[in-house]
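Atoms considered below: every heavy atom in the structure, side chains included; atoms not considered: hydrogens, waters and symmetry mates. All values derive from a computational prediction rather than experimental measurement.
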Amino acid sequence: MVRENPLEARGETFFLNLRFMLIITVFAGNAIEPLITRMNGMHGLYMWIFSFHMPLFVLVTGYFAKQSLNGAAGRKVLLQIGMQYLIFQSLYSALDVSLFHVNGIHHSIFAPYLLLWFLASHACWRLLMLGMGKWSKTAQIAFAVAAGVAVGYLQVDGVWFSISRTFVYLPYFVIGYHFSFAAFAKLYQKYIKAAAAAASLLVLAVLAVSGPDIPLGWLYGNMTYMQLGAEVWYAGVYRLALYAVQITASLAFLGLVPYGLSRMTDWGRRTLYVFLLHGLVVRLAAASGIYDYIGNAAGAAIVLLTAVLFTVLLAQPAVKRLLHPLVEPSVNWMITLQRAALRRTP
């Protein structure tokens, strides 16, 4: 019997804890978005969340992709991502046309609906990593950063094919894929980890009181420099500076993540369900008009608490048992058809 490496097990626990904490920030960030123009504290919290949550979420995705990038496992994951995208793109688009009516939405299979950009980009990150498979780690990271900077110069809407976010967040996927938990755990011992956590909370406090007025498009990663109003040849320097800010904010947030096993670790195994389903909750809340009645700290606190509770609820095993065919559709039939076609090929 092969025994599991204790360090690898500890690393998996840490990243599952991190993944659940991040999905809370994803849900909370989307839940408070309608409030950020009316409440300075919510604007600061929103900026704090967006300074690290997507970079770290992509990093975690890259970390776990090491287990299933190549071979039959990798092909199966790509097929499943494709099925998830088709199912939820159709579902969200239909609901938007009939109920949500979100402004500025392109209803096209080639324009991912809001949060579904992550599925499209995830498939691309995997394909790009396969293409860079024979490159050195340094070359992969250098290319990813260069591509993340260069994509901003394209004279196209970055929403199509999720092209902007795919390349803007590619460096974090590559870093996650090569992430050494052993080196990280050795560095993030008691005092450094506590200092990082304190720094993250301090930044949150500063942003909540008087955050800088940074155009949110830079934090979203879905817009070109032209769309951001930075039509200068050196606009790429701004993205490099943003990378530095995001990496710093991410390293600080990692100080808040526990190493030990807990219920949160188990919930972290089902964050895909929270990610794909929470948009229904947020969009239904927005369509109901309930945000028109929220204008004080108590109301905002209720919104945040509700987001946390729904995150825990959607991460429960019962939700997976009930919605597994929708969220994780079987692709075995596609693999069987592919094999049959190959056998018939002369």
Undergrad: Atom NZ of residue position Lys137 - does it have more than 12 heavy atoms of other residues, nucleotides or ligands inside 6.0 Å?
TA: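 Counting other residues, nucleotides and ligands, NZ of Lys137 stays at 12 neighbours or fewer.
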Undergrad: With side chains defined as the heavy atoms from C-beta onward, is the minimum distance between Leu277 and Val319 less than 4.5 Å?
TA: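 Yes - at least one pair of side-chain heavy atoms lies under 4.5 Å apart.
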Undergrad: So does Leu154 have more than 12 non-hydrogen atoms from other groups sitting under 6.0 Å from CG?
TA: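 More than 12 within 6.0 Å, yes.
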Undergrad: Would you tell me whether Tyr273 and Gln316 have side-chain atoms, one donor and one acceptor, within less than 3.5 Å of each other?
TA: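 There is no such pair (donor and acceptor under 3.5 Å, judged by atom type) between the side chains of Tyr273 and Gln316.
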Undergrad: In terms of side-chain heavy atoms, does Ser162 have a donor or acceptor partner in Ser121 at a distance below 3.5 Å?
TA: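 Their side chains do contain a donor-acceptor pair, which is all the 3.5 Å distance test asks for.
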Undergrad: Pick from Tyr188, Phe20, Phe181: which one makes a ring pair (Phe, Tyr, Trp, His ring centres under 6.0 Å) with Phe14?
TA: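 So, applying the ring pair (Phe, Tyr, Trp, His ring centres under 6.0 Å) to Phe14 and each of Tyr188, Phe20, Phe181, only Phe181 qualifies.
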Undergrad: With a 6.0 Å cut-off on the ring centroids, do Tyr169 and Phe173 count as close?
TA: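 No, the ring centres sit 6.0 Å or more apart.
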Undergrad: Are Met226 and Ile163 in one and the same hydrophobic cluster, where Ile, Leu, Val, Met, Phe, Trp and Tyr link if side-chain heavy atoms are under 4.5 Å apart?
TA: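 Different clusters: Met226 never reaches Ile163 through Ile, Leu, Val, Met, Phe, Trp or Tyr contacts under 4.5 Å.
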Undergrad: Does Arg19 count as lying over the ring of Phe64, i.e. NZ or CZ under 6.0 Å from the six-ring centre, within 45 degrees of the axis?
TA: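 Yes, Arg19 lies over the aromatic ring of Phe64.
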Undergrad: If we only count heavy atoms from C-beta on, is the Phe15 to Leu59 side-chain gap below 4.5 Å?
TA: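 They are in side-chain contact.
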Undergrad: Step through the shown structure and confirm whether more than 12 heavy atoms of other residues, nucleotides or ligands are within 6.0 Å of OH on Tyr177.
TA: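 Buried by this count: over 12 neighbours within 6.0 Å.
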Undergrad: Do Val159 and Tyr113 belong together in a cluster built from hydrophobic side chains that touch within less than 4.5 Å?
TA: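 In one cluster with Val159: Tyr113, no.
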Undergrad: If you take the centroid of each ring, where Trp contributes its six-membered ring, are Trp125 and Phe118 closer together than 6.0 Å?
TA: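 Yes, close enough.
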Undergrad: Might you confirm whether atom NZ of Lys193 has over 12 heavy atoms from other residues, nucleotides or ligands at distances under 6.0 Å?
TA: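 Enclosed.
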